[in-house]
Amino acid sequence: MATGLTVSFIANLCVGLLGLFSGGGTLATTTLFVVFAVLWGINGWSQSMGAAPAIIALSRWYPLKKRGTYYGFFSASHNLGEAISFVFVGLVVGLAGWKWGFVGSAIAGAMGVAVILLFLHDTPESKGLPPVEVLSGEAGDETEVERESVGTAQKAAFRNPYIWILALASACMYVSRYAINGWGVIFLQEVKGFPLATATQVISVNAFLGIAGTVFSGWMSDKWFNGSRYSIAVTFGVLCSVSLGLFLYSGSGMFVNILAMVLFGIAIGVLICFVGGLMAVDLIPRRASGAALGIIGIASYVGAGIQDIISGALLDKHKTVVDGITTHDYSVASVFWIAASVLSFLLVGVVWRKAAKNNRQPN
């Protein structure tokens, strides 16, 4: 995790410094573009090293009966990071320009590396403590599967069809998530006539509310649903689709759009926690947590990338240019975004039904 964040902050620093020192025309525009694209790709790749190690650490340090609660707190980092980025980077860019926005992000990343190295430890055993199974009294309930080697457990995770169905569900959920994050501001400007500042504020609401949804979802499933996540995930999957439709097809009133973002943010927060990892971790032994999260993580960001490609193509195909002003028809793209959201909770429902039939509910 520390390695990934180190690579990420170095990539951000390089982008910022290149921007600062290329003003004199020492580098051609094409060269700058290629370098920026490579650095941005490296940045995205290195950031993928964060989730899996964090989930492995959580599974090694916390007992099963409290896994959802602590996983929920951890998963809030997605939305918390987005919310802080809106404020911090926006403030830096507004005061000093976009180049210093990357430099500021690099400084924040370096601080994160220091926190990881100082406070995150591999296992209880690495600090002279017994394994979490012993500390929590789970050792007597360990199954033969859970005593398998890491390699065997990881192979079983890759062969588990439920993991792949959840991965597809997460990919579809990320389509709707990044549709709002990537196109929401432009949509409000072009379709509903919002000024840029107002549109940004409305969209940022979903990031802040996502924190609440993520934090309380795990605790709620542990406290009231005995660790079962399926019914909550399907319920909030429906809410995500409804709120997305409300946002896309309602009028330009401030209240209804903020309401849509409140509901969408809470729903996405819950789904990031459950569909984006926790439900997969529940299905496999601790030793294979990283493999399961890797599958879910790759699928999620593939979904986000496909969303950008398909949405961009659809909007580009249905655009009009009048007097040099470009506007887009969002009708087809909106159907794509909502369909992905609906497919996501339907896939979770499939896993719920099959897991219940085979008596494979989470521990």
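In this structure, the separation between CH2 on W61 and NE2 on H121 is 6.5 Å, given to the nearest 0.5 Å. Distance check, rounded to the nearest 0.5 Å: OG of S8 to CG of L13 gives 11.0 Å. Interatomic distance, OG of S300 versus CE of M173, reported as 6.0 Å (0.5 Å rounding). Interatomic distance, CG of L271 versus CG of L278, reported as 12.0 Å (0.5 Å rounding). Rounding to the nearest 0.5 Å places OH of Y301 at 9.0 Å from OG of S170. From S204, atom OG reaches atom CE of M261 across 10.5 Å, with rounding to the nearest 0.5 Å.
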Query raised in the report: So R177 and N206, side chain to side chain contact (heavy atoms under 4.5 Å, CB included) or not? Walk me through it.
Result: CA-CA 10 Å; R177 179 191 180 196; N206 94 83; over 6 Å; no

Requested in this report: Decide yes or no on side chain to side chain contact (heavy atoms under 4.5 Å, CB included) for Y330 and I186, but give the supporting numbers first.
Outcome: CA-CA 11 Å; Y330 288 82; I186 302 174; 3.2 Å; yes

Query raised in the report: What do the steps show when you test F102 against L18 for side chain to side chain contact (heavy atoms under 4.5 Å, CB included), and what is the final call?
Result: CA-CA 10 Å; F102 284 100; L18 280 172; over 6 Å; no

Query raised in the report: Hey, mind stepping through C240 and L263 against side chain to side chain contact (heavy atoms under 4.5 Å, CB included) and telling me if it holds?
Result: CA-CA 7 Å; C240 179; L263 298 176; over 6 Å; no

Report task. Please lay out, stage by stage, how E190 and W183 fare under the test side-chain hydrogen bond (donor to acceptor under 3.5 Å, both in side chains). Result -> CA-CA 11 Å; E190 293 188 356; W183 303 98; over 6 Å; no

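Just one of L196, I203, V202 meets the side chain to side chain contact (heavy atoms under 4.5 Å, CB included) condition when paired with T200; it is L196.
Within the 4.5 Å cutoff, no side-chain heavy atoms of V234 are placed close to those of Y230. Residues T3 and T6 have side chains not in contact (no heavy-atom distance under 4.5 Å, counting atoms from C-beta outward). Taking the side chain as every heavy atom from C-beta outward, F336 and L314 approach each other to under 4.5 Å. For the pair S105/V89, a side-chain contact is recorded, criterion being any heavy-atom separation below 4.5 Å from C-beta on. Using a 4.5 Å heavy-atom threshold, the side chains of L166 and L347 count as separate. A heavy-atom distance below 4.5 Å is not found between the side chains of H328 and V191. Side-chain contact between Q201 and I258 is absent, with no heavy atoms from C-beta onward closer than 4.5 Å. Two residues are said to be in side-chain contact when any heavy atoms from C-beta on lie closer than 4.5 Å; W100 and L20 meet this criterion.
In this structure, the side chain of S46 engages the main chain of I42 through a donor-acceptor pair within 3.5 Å. A donor-acceptor pair under 3.5 Å is absent between the side-chain atoms of W40 and the main chain of N12, judged by distance alone. Without hydrogens or angle criteria, W164 side chain to F158 main chain gives a donor-acceptor distance under 3.5 Å. Side chain of S250 to main chain of L246: a donor-acceptor pair is present (N/O by atom type, distance under 3.5 Å, no hydrogens or angles). Side-chain atoms of S344 come within 3.5 Å of backbone atoms of A169 as a donor-acceptor pair (strictly under, hydrogens ignored). Judged by distance alone, the side chain of T214 and the main-chain N or O of G269 form a donor-acceptor pair under 3.5 Å.
A single hydrophobic cluster is seen to contain both L346 and V335, as judged by linkage of ILVMFWY side chains at heavy-atom distances under 4.5 Å, directly or through other members. If you chain together hydrophobic residues whose side chains sit under 4.5 Å apart, I309 and F187 never meet in one group. Cluster annotation: F119 is not connected to F9 through the hydrophobic network of ILVMFWY side chains, with a link wherever side-chain heavy atoms come within less than 4.5 Å. Residues Y249 and V332 share a hydrophobic cluster, clusters being chains of Ile/Leu/Val/Met/Phe/Trp/Tyr side chains in contact below 4.5 Å. Following chains of ILVMFWY side-chain contacts shorter than 4.5 Å, one can reach Y70 starting from I232, so the two form part of one hydrophobic cluster.
The two residues L5 and V113 have their closest heavy-atom pair at CD2-N, 3.5 Å. Among all heavy-atom pairs drawn from I296 and V275, the shortest one is CG2-O, 3.8 Å. Closest approach of I163 to A292, counting heavy atoms only: CD1-CB, 4.4 Å. Scanning all heavy atoms of the two residues, the minimum distance from S241 to F345 falls at OG-CE2, 3.5 Å. Residues G251 and K192 come closest through the heavy atom pair O-NZ, 3.1 Å. The two atoms that bring N257 and G253 nearest to each other are ND2-O, 2.7 Å, heavy atoms only.
For the 3.5 Å distance criterion, the side chains of S311 and W337 qualify, holding a donor opposite an acceptor.
For D282 and R229, the salt-bridge test passes: some basic side-chain N is under 4.0 Å from an acidic carboxylate O.
Remark: aromatic rings of W224 and W219 are close, center separation under 6.0 Å. Checked against a 6.0 Å centroid threshold, the rings of Y71 and F274 do not count as neighbours.
More than 12 heavy atoms of other residues, nucleotides or ligands lie within 6.0 Å of CH2 in W98, so this atom counts as buried by the packing criterion. Residue F216 places its CZ atom among 12 or fewer non-hydrogen atoms of other residues, nucleotides or ligands, all under 6.0 Å distant.
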